[in-house]
Amino acid sequence: MTQRWKNDLNWSDVTPKQVFLNRRQIMAGFAASGLALSAGMAQAGLGAKPSILSTDEEPNALEDITAYNNFYEFGTGKADPAENAHSLTTDPWAVQIDGLVDKPGSYDLDDLLSGVTLEERIYRFRCVEAWSMVVPWVGFELKTILDRVGVQPSAKYVAFETLVRPEEMPGQRRFPPILDWPYREGLRLDEAMHPLTIMATGIYDEPLPNQNGAPLRLVVPWKYGFKSIKSIVRITLTEDEPPTTWNMQNAREYGFYSNVNPKVDHPRWSQASERKIGGGLFAKRQPTLMFNGYEDQVADLYAGMDLAKFY
Ligand SMILES: Nc1nc2c(c(=O)[nH]1)N[C@H]1C(S)=C(S)[C@@H](COP(=O)(O)O)O[C@H]1N2
Ligand SMILES: [Mo]
């Protein structure tokens, strides 16, 4: 895959000024329209440092990234999260870290982030529904916080849970339930510790919009988008493979691994190609890459595994 070589630019430097200004206008427009941007967004950027792990592909416009979402806690339509997520209170925010760790506890987000260096990671993002984007995330390696809390030798998996707060999440007030809340995800420990696996706190050098999973969400760029769980309130180290939402919902269609793989089709559609959001009505589909283009970095994790069996 293509990577940017080491440099000292960040996105606002490499983006033509007009585009950057337009972005600021979009932000202002969002703010004026009362859409789901947190207070910090109109202010100075997060100052995230560029990472050599970024792709050099053109990022999608902020408009695409914040208006076309999957976040069932706010409804099942692609526009529902942008419309409804403003109701979510993201400050204060605590993350419970428990299970097989040396220092379990409820960590205030500010404490969790203190001393953490934020990086810009421009990643390809591929939804299992066969659309994709390129997103300039701001975040830090998940490994950083796992190392801080001390992972015990018996731990083999990491489980994640999203907030349950029906008062603020209209999708959780629906009956019958859309999903078995909380939304759950999980990774094998080596996947969780991989340098590409990040916790994101921002996009385009600004705090995460609520519809993208504020204030803290997982991003695993070589796996289908549903693994990248949003608005995380709990991280648990376990010995056994944890239950995960889409696998619980339909195990035949959604496996625990869910690595992007153009050769293993979804039972109801091909995964060989994808539609990049923002390309317009007549844009050509593009081929889907093995491990979403991150094969060089992650294939080793699955050496000897039959990827059609462990889908
Ligand atoms: N809690 C939670 N996390 C979630 C989802 C969700 O419905 N709830 N949807 C997933 C799916 S299917 C995708 S494709 C991505 C979408 O992320 P984005 O809206 O930031 O592009 O979030 C994932 N994380
Ligand atoms: Mo998705």
Side-chain angles (χ1 to χ4, degrees), residues 1-6 49-57 99-101 117 119-128 130 132-135 137 139-160 185-200 217-229 235-242 244 246-247 254-266 271-274 286-311:
M1 71 160 239
T2 49
Q3 277 186 25
R4 267 209 270 168
W5 287 104
K6 202 175 177 61
K49 300 209 167 21
S51 166
I52 57 163
L53 296 173
S54 287
T55 172
D56 59 6
E57 279 170 71
L100 302 168
V101 294
T117 305
E119 288 183 22
E120 179 188 62
R121 297 278 183 110
I122 306 173
Y123 280 168
R124 306 159 52 80
F125 187 88
R126 170 61 155 81
C127 175
V128 75
S132 68
M133 296 194 196
V134 174
V135 184
W137 302 108
F140 57 94
E141 291 177 13
L142 172 59
K143 180 181 192 299
T144 310
I145 47 176
L146 294 180
D147 284 345
R148 274 201 198 172
V149 296
V151 175
Q152 297 182 348
S154 53
K156 293 190 178 63
Y157 294 89
V158 188
F160 305 86
E185 259 310 330
L187 297 171
R188 223 169 54 187
L189 185 59
D190 58 346
E191 298 175 323
M193 291 295 203
H194 193 280
L196 284 173
T197 303
I198 59 167
M199 296 293 260
R217 62 95 56 88
L218 182 70
V219 179
V220 192
W222 72 92
K223 291 178 179 282
Y224 290 121
F226 66 83
K227 298 292 290 182
S228 293
I229 181 174
I235 301 174
T236 309
L237 279 288
T238 66
E239 189 154 7
D240 299 320
E241 186 182 289
T244 55
W246 283 102
N247 183 253
Y254 307 103
F256 175 79
Y257 284 92
S258 290
N259 293 313
V260 175
N261 190 338
K263 290 176 296 215
V264 176
D265 287 337
H266 186 280
Q271 293 293 28
S273 70
E274 65 202 44
Q286 56 186 43
T288 289
L289 303 175
M290 188 65 204
F291 295 113
N292 200 27
Y294 298 94
E295 185 169 16
D296 288 352
Q297 292 99 315
V298 303
D300 279 359
L301 296 171
Y302 311 102
M305 283 174 68
D306 177 353
L307 296 176
K309 186 174 169 215
F310 296 98
Y311 56 93

Does the side chain of Leu187 reach to within under 4.5 Å of the side chain of Lys223, using non-hydrogen atoms?
yes
Does Phe291 reach the side chain of Leu307, with side-chain heavy atoms less than 4.5 Å apart?
yes
Sub-4.5 Å side-chain heavy-atom contact between Val220 and Glu191:
no
Closest heavy-atom contact between Val264 and Tyr224?
O-OH, 4.5 Å
Looking at residues at least two apart in the chain, or sitting in another chain, which of them share a ring pair (Phe, Tyr, Trp, His ring centres under 6.0 Å) with Tyr157?
Phe256
Closest non-hydrogen atom pair between Val151 and Ala155, with its separation:
CG1-CB, 3.6 Å
What distance do Met305 atom CE and Tyr257 atom OH have between them, rounded to the nearest 0.5 Å?
4.0 Å
Side chain to side chain donor-acceptor pair (under 3.5 Å), paired with Thr288, selected from Arg126, Arg124, Gln271
Arg126
Would you name the heavy atoms of Pro242 and Gly186 that are closest together and state the gap between them?
CG-CA, 4.0 Å
Is there side-chain contact between Leu189 and Leu237, with heavy atoms separated by less than 4.5 Å?
yes
List in chain and number order the residues that pass side-chain hydrogen bond (donor to acceptor under 3.5 Å, both in side chains) with Ser258, two or more places apart in sequence or in another chain; answer none if no residue qualifies.
none
Show the nearest heavy-atom pair for residues Tyr302 and Asn259, with the distance to one decimal.
OH-OD1, 3.4 Å
Would you say the side chain of Thr244 lies within less than 4.5 Å of the side chain of Phe226, judging by non-hydrogen atoms?
no
Glu141/Arg121 salt bridge by N-O under 4.0 Å criterion:
yes
Do Val101 and Ile235 come within less than 4.5 Å of each other through their side chains, counting heavy atoms only?
no
Working to the nearest 0.5 Å, report the span between CD of Glu120 and NZ of Lys49.
12.0 Å
Would you check if Leu301 and Arg188 make a side-chain contact, meaning some heavy-atom pair closer than 4.5 Å?
yes
Which heavy atom in Leu289 sits nearest to a heavy atom in Val260, and how many Å separate them?
O-CG1, 3.6 Å
Going by the rule side-chain contact (heavy atoms from CB on, under 4.5 Å), which residues pair with Ala303 if we only count those two or more places apart in sequence or in a different chain?
none
Between CG on residue Asn261 and CD on residue Glu295, distance to nearest 0.5 Å
9.0 Å
Is the distance from the ring center of Trp246 to that of Tyr254 below 6.0 Å?
yes
Interatomic distance, CZ@Phe125 vs CD@Glu274, rounded to 0.5 Å, equals 11.5 Å
Minimum heavy-atom distance between Val219 and Ser228, given as atom pair plus value:
CA-OG, 3.4 Å
Taking Tyr294 for its side chain and Tyr123 for its backbone only, find out whether a donor-acceptor pair lies under 3.5 Å.
no
If we only count heavy atoms from C-beta on, is the Phe160 to Leu142 side-chain gap below 4.5 Å?
yes
Got a sec: does the NZ of Lys156 have more than 12 other heavy atoms crowding it under 6.0 Å?
yes
What is the distance from atom CD1 of Ile198 to atom CG of Leu218, rounded to the nearest 0.5 Å?
8.5 Å
